[in-house]
Amino acid sequence: MDNQDFIIKNDILLLYLGAEQDVVVPDNVIKIDKNAFKQNKNIKSVRLPSKLKKIPPFFFKGFKALEEVFIPEGVIQIGSNAFCDCENL
């Protein structure tokens with residue numbers, strides 16, 4: 001995985017363009033747009049950055065391949081239905 005796979009502006013992950021099934025979000029990211037991963041619903045695992053505080057509602061909704069999410073200790077809010085329809089999680 002290459003940092004070129006991520007569109008990041010002001011430490012906000014706007015979009016992930018990669019095709020990897022195992023994704024590690026760069027640690028400088030402090031916020032992730034709710035649609036950042038919409039182009040790759042084949043993600044099996046994702047490691048969220050340590051500075052992340054919130055996971056948006058419906059964030060991974062319908063990600064049927066998702067099996068594992070590494071949520072950092074600092075997350076204080078997980079939005080409603082963030083993992084809705086994630087059948088393998």
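Counting begins at 1 with the first residue of the sequence.
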Cluster link [X] to [Y], ILVMFWY, side chain under 4.5 Å:
X     : Y     : value
Val25 : Ile12 : no
Leu17 : Phe37 : no
Leu52 : Val69 : yes

Does the side chain of [X] reach to within under 4.5 Å of the side chain of [Y], using non-hydrogen atoms?
X     : Y     : result
Asn88 : Leu66 : no
Leu14 : Ile8  : no
Ile71 : Ile55 : yes
Phe63 : Leu89 : no
Lys53 : Ile30 : no

Checklist outcome for this item: The single option from Asp85, Asn81, Asn35 that satisfies side-chain contact (heavy atoms from CB on, under 4.5 Å) with Phe58 is Asn81

Looking at [X] and [Y], what are the two nearest heavy atoms and their distance?
X     : Y     : result
Lys41 : Lys61 : NZ-O, 3.4 Å
Pro72 : Leu48 : CD-CB, 3.8 Å
Ser50 : Asp27 : N-OD1, 2.8 Å
Phe6  : Val24 : CZ-O, 3.4 Å
Ile32 : Pro56 : O-CG, 3.6 Å

Item to check | For Phe70, the rest of its hydrophobic cluster, which grows through side-chain links under 4.5 angstrom | outcome: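 Besides Phe70, the hydrophobic cluster comprises nothing; the residue is isolated.
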
Once you round to the nearest 0.5 Å, how far does [atom1] of [X] lie from [atom2] of [Y]?
X     : Y     : atom1 : atom2 : value
Cys86 : Glu68 : SG    : CD    : 13.0 Å
Ile7  : Tyr16 : CD1   : OH    : 12.0 Å
Lys54 : Ile78 : NZ    : CD1   : 13.0 Å

Item to check | Parallel, tilted or perpendicular: rings of Phe83 and Phe60 (30°, 60°) | outcome: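 Parallel.
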
Checklist entry - When you look at NZ of Lys44, are more than 12 heavy atoms from neighbouring residues, nucleotides or ligands closer to it than 6.0 Å? => result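 No, because the 6.0 Å sphere around NZ of Lys44 holds 12 heavy atoms or fewer from other groups.
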
Checklist entry - Among all residues two or more places apart in sequence or in another chain, which pass the salt bridge (charged side-chain N to carboxylate O under 4.0 Å, His left out) test with Lys51? => result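 For Lys51 there are no salt bridge (charged side-chain N to carboxylate O under 4.0 Å, His left out) partners, ignoring immediate neighbours.
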
Item to check | Partner set under side-chain hydrogen bond (donor to acceptor under 3.5 Å, both in side chains) for Asp33, not counting sequence neighbours | outcome: none

Checklist entry - Counting N and O atoms only, with roles assigned by atom type, does the side chain of Asn42 sit under 3.5 Å from a partner on the main chain of Ala19, one being a donor and the other an acceptor? => result no

